[in-house]
Amino acid sequence: MKVLTYVGLDTSKVKKQFQKVKGLIEQGDFRSPDVKKLAQGNYHRAKLDDTNRLLLTFMKHQGETVCLALEVIHQHRYEKSRFLRGKVVDESKIVDTTPEDLQGALPVLRYVNPAAASFHLLDKVISFDDLQNQVYQTRPPLIVVGSAGSGKTALTLEKLKGVTGNVLYVTLSPYLAQSASDLYFSHGFEPVDQEPLFLSYREFLEILQVPEGREVTFQAFQGWFQGHRQTYRFTDAHQLFEEIRGVITSREAGTLSLQDYLDLGVKQSIYPVEHRREVHALFEKYRSWLGASGLFDPNLVSFEWQQKAQPTFDFVVVDEVQDFTRVQLALILRTLKTRGQFLLCGDSNQIVHPNFFSWSAVKSLFWEDEELASGQQFSVLKVNFRNAREVTRTANTLLKIKHRRFGSVDRESNFLVESVIEDSGRVESLPDRDPVKKALNEQIKGSTEYAVLVLREEDKLKARQHFQTPLVFSVHEAKGLEYPNIILYNFISLNRQDFLEIVEGVTKEDLQVDTLTYKRGKDKTDKSLEIYKFYINALYVAVTRATESVLLIEGDQNHPLLTLLDVQVRADLGKLNTRAASREDWEKEAARLELQGKQEQADRIRSEVLKVKKVPWEVWNEENITALKQKAFDPKNTSNKPARALMDYAVWTYDHSLLRRLGTEGKLPLAAGLYPPDLAHHLEDHPYAEATSIFQQDIQKFRKGLFDRYLASFSGKNFKSVLWDCDNYGVDYRTPVNWTPLMVAAYQGNISLMDTLLERGARVHLTDVTGQTAFLIAMARVLQDREYAAGPFGEVYGRLAPSHFDVQVEGRLIRIDRQMGEYFPLVAMLALLPQLSSTLSSLPDLSKRKKGFSAPLLSSNAEVLPEQVLKEERRKRTYFNHVLARAEVESTYTPARKLWVRTGHGLYMLNPEMLVRVRNTHGEEVWKPVLETIH
């Protein structure tokens, strides 16, 4: 049996024992090392000696079982295991395992380097091929070129783990930045001697200074351009947008003047000289429109922000570098402490709209530095680990056509890809006939494994006339997506002439090559390369979104491009291998698309597939509570119902002022058994008194009664009724108290329900009526319930704790990552903020906490928290005091994060000038004052 060792496995204290156990397992001997199966997931353990254990897992590769050695468990302390994440292991209850027991279903390893003795690990097990291993060992500066599916991001992240100091990973896409962060910290990975920061480019600008307004999008630009369309008939919005981004504003020396723009060579602009004066004039109007509309252009800001960039990072990774302009890249590299400590990776073939990116342009940034220029190393990853062989063959043929027709963009992009996937896959063409489309629609409309792609945004309407799936994307939206099966709807036929121009003069014999040789285009004045690059690159990107199959629905099945691609032309559809998606599958898909910024498709899933209904009960929200107050305090109103509802709301949200007003105005209902008379009596006789013991007992009983009354369906272990409501009202439906099911499950520590909801796509960022997320609701309970803190919270934390909180202080983004000492005090303050000055809270010492938070309050129950929540050395009161002191506004500590202000001896309050990033009702991220966010 092959045994692979995790590169992060530390066997320094048990070297001999490890080698002995490894040899025994390789021989298929499980008895001698006493290999046993744990109850926690796909994990096993082997005995190293009397006190130490080796954590193992098993997978299949090409039908053979592979053993993966993960971690040494010292002194039986399973609760400290990085992989088990605090789960308790009772060794008396684990069961023996034999090699024969592993013949059943095991996770599959898609690729294993035959020469490998070790493996890497992100969200999944990774085995590097020889070239990837070479890159992994290469010192910076380094540029890695690789197609989609080449593993360049995984390689980059693994390489990043070996760097010390302050490191930055930056990419254009917020979703990719967050995904990279999730991958990096998966399975509980914690870097040593390193502070990593994962940012989108917009967030990178914000750590220098938050730009005013919103970033301009193509959709906004397109709307503005429509007002000038009649005057500028020689262009379209896409070309103009990319000319502004990729040419006029892209230089690190600043925006091109009119004369500089006119003087550009013929290969440096999409427009001929005779049109450039008009284009530049429209650019000036564009700048004025930005200011008037409250928008900013990241290129213009990048140039303005150059003097704000200080040497900050010991190492920088730029992913998907082809999406960046030179001025943006130059700004990023300005933040390096030491020149050359960077890694750039990307693929110029993934560019949809021409932006004049080339690797030579990237290298030109370093030409003035001879040492840096000579030290650059280019590595090209040619192996594809994602797409089936036929999909890869088709993508390669598109590259050959582009190369034959237009020449090379640059030397570094001249490569073809080799697939290592066993599945052959398929690429086929079907006629654009109604019976075919109807049959296809019937088979795919209920599947989350088929997506329809069109070339342009306006083509989506035509596709939706025939296909009922909500998964319809323009190619611009599709970049970054991945589906098993892709349907391209009239991609070629609706642009027949353009694709005819692309394949003009190209023959099948021209494509009988295994490599691409570097050659320049013949005619420098020929704009066809840039004009038609959109079409050929868009088709390349669309095809590579499919991991298994591509179906082209084309009105012109005799188009020469289809012949050159050697696509199998079929007259009829036949039976597809489709699997009907469950409701849970669609919920999960909607949540995934929303995170990727594909709000339109996510909304369509919820409205057209899930058909989410409105809940039939009243939900506490601003509108309803305002109406209740008007009724309750209306002198003409004789009903007790509004006051009863307001009393429930006030106690639930710790709103003492509202409860006191109800008491002083005689509005408190005294329904026997439901609303305790002694509670009302206390409020009427002592409206300004601090919380007394009996008052607190009454309040807590009352809150429990509210929970039982409004959330009764969540009380038992059987939560079928909750899931029934999810089916009807959506997985994020609102209970009467404005909690989602995930919030209730988090508060209860109901891990099974949480897992079910998260699997169905429950959104963790949603907030209740006080602005609290599910995680903050759970955090508030931790600080008041010792049993909850020591019990289920460890698993709640692992599932719900955000990787970071973004705050804005003095106009700059400050990211508080989960690994930072400030993280726990910050989330504790946010969680307790609604209770801080309320007598309805059971928190101790009201007179002190009215002034702010203390270390004893913020560290309540810290000593019983699991290791993965709070490390042992961080649980001490002295550590809390140190963190509170260093991050307050007047601190001289570097970096000065200024998260809170000192309000008294040992007391702190959140910095009232601080803003936090939240999502508004439209799902957009906005900045809001922290004290307005949670109330």
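The first residue in the sequence is number 1, and the count goes up from there.
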Salt-bridge present ([X], [Y]; N to O < 4.0 Å):
X	Y	result
Glu190	Arg818	no
Asp708	Lys704	yes
Glu863	Arg877	no
Lys720	Asp727	no
Glu594	Arg919	no
Glu822	Arg897	yes

Discussion item. Would you say that Gln784 contacts Ser841 through its side chain, given a criterion of any heavy-atom pair below 4.5 Å between the two side chains?
Written reply: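 When only atoms from C-beta onward are counted, Ser841 and Gln784 do touch, with a gap below 4.5 Å.
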Discussion item. I'd like to check Ser859 versus Phe824 (side-chain heavy atoms, cut-off strictly below 4.5 Å). Are they in contact?
Written reply: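 No, their side chains stay 4.5 Å or more apart.
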Worksheet entry | Glu873 atom CD, over 12 foreign heavy atoms within 6.0 Å |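 Counting neighbours around CD of Glu873, more than 12 heavy atoms of other residues, nucleotides or ligands fall under 6.0 Å, so yes.
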Fill in: Heavy-atom neighbours of Lys445 NZ exceed 12 at 6.0 Å
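Yes, enclosed.
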Has the side chain of [X] got a donor or acceptor atom that lies under 3.5 Å from a matching backbone atom of [Y]?
X	Y	result
Asn621	Glu623	yes
Arg815	Phe198	yes
Ser713	Val722	no
Thr57	Asn42	yes

What heavy-atom pair brings [X] and [Y] nearest, and what distance separates the two atoms?
X	Y	result
Val89	Ile94	CG1-CG2, 4.3 Å
Ala451	Tyr483	CB-CD1, 3.6 Å
Leu157	Ala180	CD1-O, 3.7 Å
Met743	Thr767	CE-C, 3.5 Å
Leu471	Glu589	CD2-OE2, 4.0 Å
His76	Ile73	C-CG2, 4.1 Å

Discussion item. Applying side-chain hydrogen bond (donor to acceptor under 3.5 Å, both in side chains) as the test, list every pair that has at least one member in residues 740-755; sequence neighbours left out.
Written reply: Asp755-Arg799
Worksheet item: Residues two or more places apart in sequence or in another chain: which of them pass side-chain contact (heavy atoms from CB on, under 4.5 Å) with Thr653?
Response: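 Here the qualifying residues are Tyr649, Asp655, Val769, Thr770.
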Worksheet item: salt bridge (Lys or Arg N to Asp or Glu O under 4.0 Å) between Glu477 and Lys598: does it pass, once the steps are laid out?
Response: CA-CA 7 Å; Glu477 294 174 309; Lys598 310 297 188 291; over 6 Å; no
Worksheet item: Is it true that the NZ or CZ of Arg703 lies under 6.0 Å from the centre of Trp652's six-membered ring and within 45 degrees of the ring axis?
Response: yes
Fill in: Trp617-Tyr710 aromatic ring centre distance below 6.0 Å
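No, the ring centres sit 6.0 Å or more apart.
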Worksheet, complete the sentence: dist Lys36:NZ -> Lys93:NZ (nearest 0.5 Å) comes out at 14.0 Å
Is there a donor-acceptor contact under 3.5 Å linking the side chains of [X] and [Y]?
X	Y	answer
Asp585	Ser582	yes
Trp620	Asn738	no
Ser447	Glu449	no

Practice prompt. Check ring pair (Phe, Tyr, Trp, His ring centres under 6.0 Å) between His187 and all other residues, then give those that pass, not counting sequence neighbours.
Written response: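 Scan of His187 (ring pair (Phe, Tyr, Trp, His ring centres under 6.0 Å), adjacent residues dropped) gives Phe83.
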Worksheet item: Relative to each other, are the rings of Phe775 and Phe793 parallel, tilted or perpendicular (30° and 60° limits)?
Response: parallel
